[in-house]
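Reading through the structure tokens given below for one structure.
For this chain, numbers begin at 1 and follow the sequence in order.
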Amino acid sequence: PFISPALLIALLARGLLLGQSARGRLPHAKRPLIGYALAMLLGLSLHARAVDPDTVRLLLLFGAAAGVAVAAAWRLPPVFNASLAIVIGLAVGVASGPTGVDGRSYVLMLVGTAVGSLFLPSWVAVVTSAFEPAWARIVVRVIGSWLAAAALLVLSLSFAPARLAS
């Protein structure tokens, strides 16, 4: 999951949002994180049946939404926070399934993908929730705005007509 910029943006923005909304109340992050994990596992199981779907735009859209929420320091209602976690988890799972391998290699790659896709947003959430000084919270908001800007730029370029090379 760390090869695609869209996946990285979605995972980092999700982790920042989770940590920012759970600041001082890390146990409150359990439900969205569990929802993300279950949806990601469901997405990984659907990947084999989905025949390599194009999830880049979806990941960029929800990564941008999470980045904007971080930049604005919005405290999303628990329902929206969990819904965003579930949608991102499902998209990450569908986009991250291993291809071109069978048997034991497939299972090992699947486990590695699941662990990595769960570790990154969890670690970012824990680190983000531990920030106490005001300047550190501003840094988190700036990173969220950069993630949102990058996601929106790539998303807008994906809709631009292709130029013919001449």
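- Put simply, the side chain of Ser117 never gets that close to the backbone of Ala114: no donor and acceptor are under 3.5 Å apart.
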For residues 58-71, which side-chain N or O atoms pair as donor and acceptor with protein atoms under 3.5 Å away, sequence neighbours left out?
none

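- Residues Leu16 and Gly144 share a closest heavy-atom pair of CD1-N, 4.1 Å.
- For Ser158, the side-chain hydrogen bond (donor to acceptor under 3.5 Å, both in side chains) partners two or more places apart in sequence, or in a different chain, are Arg57.
- Note on Leu42 and Val115: separate hydrophobic clusters, where clusters join Ile, Leu, Val, Met, Phe, Trp and Tyr whose side-chain heavy atoms are under 4.5 Å apart, directly or indirectly.
- Atoms CG and CG, from Leu8 and Leu120 in turn, are 7.0 Å apart once rounded to the nearest 0.5 Å.
- Note on Val127: it clusters hydrophobically with Leu33, by side-chain heavy-atom contacts below 4.5 Å among ILVMFWY residues.
- Once rounded to the nearest 0.5 Å, the distance linking CG of Leu12 with CH2 of Trp123 reads 9.5 Å.
- Annotation: side chain to side chain contact (heavy atoms under 4.5 Å, CB included) contacts of Tyr106 (sequence neighbours excluded): Ala48, Pro98, Val101, Leu110.
- In this structure Ala130 satisfies the side chain to side chain contact (heavy atoms under 4.5 Å, CB included) test with no other residue, sequence neighbours excluded.
- Hydrophobic clustering (side-chain heavy atoms under 4.5 Å, transitive across Ile, Leu, Val, Met, Phe, Trp, Tyr) groups Leu44 together with Phe119.
- When atom types are taken as modelled, the side chain of Thr128 and the backbone of Ala125 share no donor-acceptor pair closer than 3.5 angstrom.
- The CE atom of Met40 sits 9.0 Å away from atom CG of Leu11, with the distance rounded to the nearest 0.5 Å.
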Gln20 and Arg75: CA distance, side-chain angles, deciding distance, side chain to side chain contact (heavy atoms under 4.5 Å, CB included) verdict: CA-CA 8 Å; Gln20 187 182 56; Arg75 292 236 184 228; over 6 Å; no
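- Under a 4.5 Å side-chain heavy-atom cut-off, the cluster of Ile, Leu, Val, Met, Phe, Trp and Tyr residues that includes Leu38 is completed by Ile34.
- Taking all atoms of both residues into account, the shortest heavy-atom contact from Gly15 to Val124 is C-CG1, 3.6 Å.
- Cluster note: Ile138 groups with Val142, Trp146 through ILVMFWY side-chain heavy atoms spaced under 4.5 Å, whether in direct contact or through intervening members.
- With sequence neighbours excluded, the residues forming a side chain to side chain contact (heavy atoms under 4.5 Å, CB included) with Ala72 are Trp74, listed by chain and number.
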Atom pairs and distances, donor-acceptor, side-chain atoms in residues 78-94, under 3.5 Å, two or more places apart:
from  : atom 1 : to    : atom 2 : distance (Å)
Asn81 : OD1    : Arg14 : NH1    : 3.1
Asn81 : OD1    : Arg14 : NH2    : 2.7
Asn81 : ND2    : Ser21 : OG     : 3.3
Ser83 : OG     : Val79 : O      : 2.7

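- Scanning both residues, Leu18 and Pro32, for their nearest heavy atoms gives CD1-CB, 3.7 Å.
- Leu7 CG to Thr113 OG1: the interatomic distance, rounded to the nearest 0.5 Å, is 10.0 Å.
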